[in-house]
Amino acid sequence: MKLFVYHTPELTPISSVPDCAIAIDVLRATTTMVTALGAGAEAIQVFSDLDKLMLVSEDWPAEKRLRAGERGGAMVAGCDLGNSPLDCTPEVVKGKRLFITTTNGTRALQRIEAAPMVLAAAMINRAAVVEYLVSQSPETVWMVGSGWEGSFSLEDTVCAGAIVDLLLDKLNCTLEELAGNDEVISAVSLYRQWQNNLLQLFHHASHGQRLLRLNCHEDLKYCSQIDISAVLPMQKEPGVL
Ligand code: 3SL
């Protein structure tokens, strides 16, 4: 297995597809997706464009759908939900399809949707991702951070590093054997430096600070937990997990 980390959708190659591609948006889109599916959502359908989301979801029975929209961290007017994983309780999402658009996370998923195996990873389901990779043994794996509007994000990189760290242990191989690019080595170094202080790292991160200004302290706490969910969002058809 060779792993590659790309910090943003924009930095992700367009000339080829890997055997497996993983979108990471720890704050907060992929954490929200894991949580929603864990709470019984029927599926997650992702959109980068809000108008398209509204149009496509119109064809779905109103009692079986939820529209989730986030821009700049805030809920989009006219949607049922924003992008807080804490809103995805069984009472709210069970049996419903979540039609979701977010600033960066849904773009990352769309960027990799042509890969034969597409997963969504967050800190909360890190071990589930690793377990699946070990069981499937894909030859090439891309981990794509969502970043923020084209720039690097600490929280997505540290999550990629957490995945690498556990994979090294499970596969009993060296970092040199696993790493396909330098970003893999820097991601695992970041994780090893902060693994006992993830919440503090998220408080330093620019997007963490943006969310704190929006009073999302509890979201940061929730998203910084590691290995608390066995749910693995997996693409069933392009754009649907
Ligand atoms: O950018 C995204 O996709 C979101 O996860 C951002 S936010 O955490 O909802 O602000």
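Just follow the structure's listing: the first ligand is 1, and inside any ligand the first atom is 1. When a residue number appears, it is its place in the shown sequence, counting from 1. Please read all numbers here as calculations on a predicted model, not as lab measurements.
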Just wondering, do P18 and P138 contact through their side chains at under 4.5 Å, heavy atoms? no
Does T106 reach the main-chain N or O of V46 with its side chain, forming a donor-acceptor pair under 3.5 Å? no
Donor-acceptor contact below 3.5 Å, side chain D156 vs main chain V144: no
List ligand 1's nitrogen or oxygen atoms that come under 3.5 Å of a protein nitrogen or oxygen, with the partner atom and distance.
unit_1	atom_1	unit_2	atom_2	d
ligand 1	1 (O)	N104	N	2.9
ligand 1	1 (O)	N104	ND2	2.8
ligand 1	3 (O)	D25	OD2	2.8
ligand 1	3 (O)	T102	OG1	2.5
ligand 1	3 (O)	N104	N	3.0
ligand 1	3 (O)	G105	N	2.6
ligand 1	5 (O)	D25	OD2	2.9
ligand 1	5 (O)	L27	O	3.3
ligand 1	5 (O)	R28	N	2.8
ligand 1	5 (O)	A29	N	3.1
ligand 1	5 (O)	N83	ND2	2.9
ligand 1	8 (O)	L27	O	3.3
ligand 1	8 (O)	R28	N	3.1
ligand 1	8 (O)	R28	NE	2.9
ligand 1	8 (O)	H207	NE2	2.8
ligand 1	9 (O)	R28	NE	3.3
ligand 1	9 (O)	R28	NH2	2.9
ligand 1	9 (O)	N83	ND2	2.7
ligand 1	10 (O)	E70	OE2	3.4
ligand 1	10 (O)	H207	NE2	3.1

Using modelled atom types and a 3.5 Å cut-off, is there a donor and acceptor pairing between side-chain atoms of D19 and backbone atoms of E139? yes
What is the distance from atom OG1 of T30 to atom CD1 of I44, rounded to the nearest 0.5 Å? 11.0 Å
Check: N125 side chain, A122 main-chain N or O, donor-acceptor pair, under 3.5 Å: yes
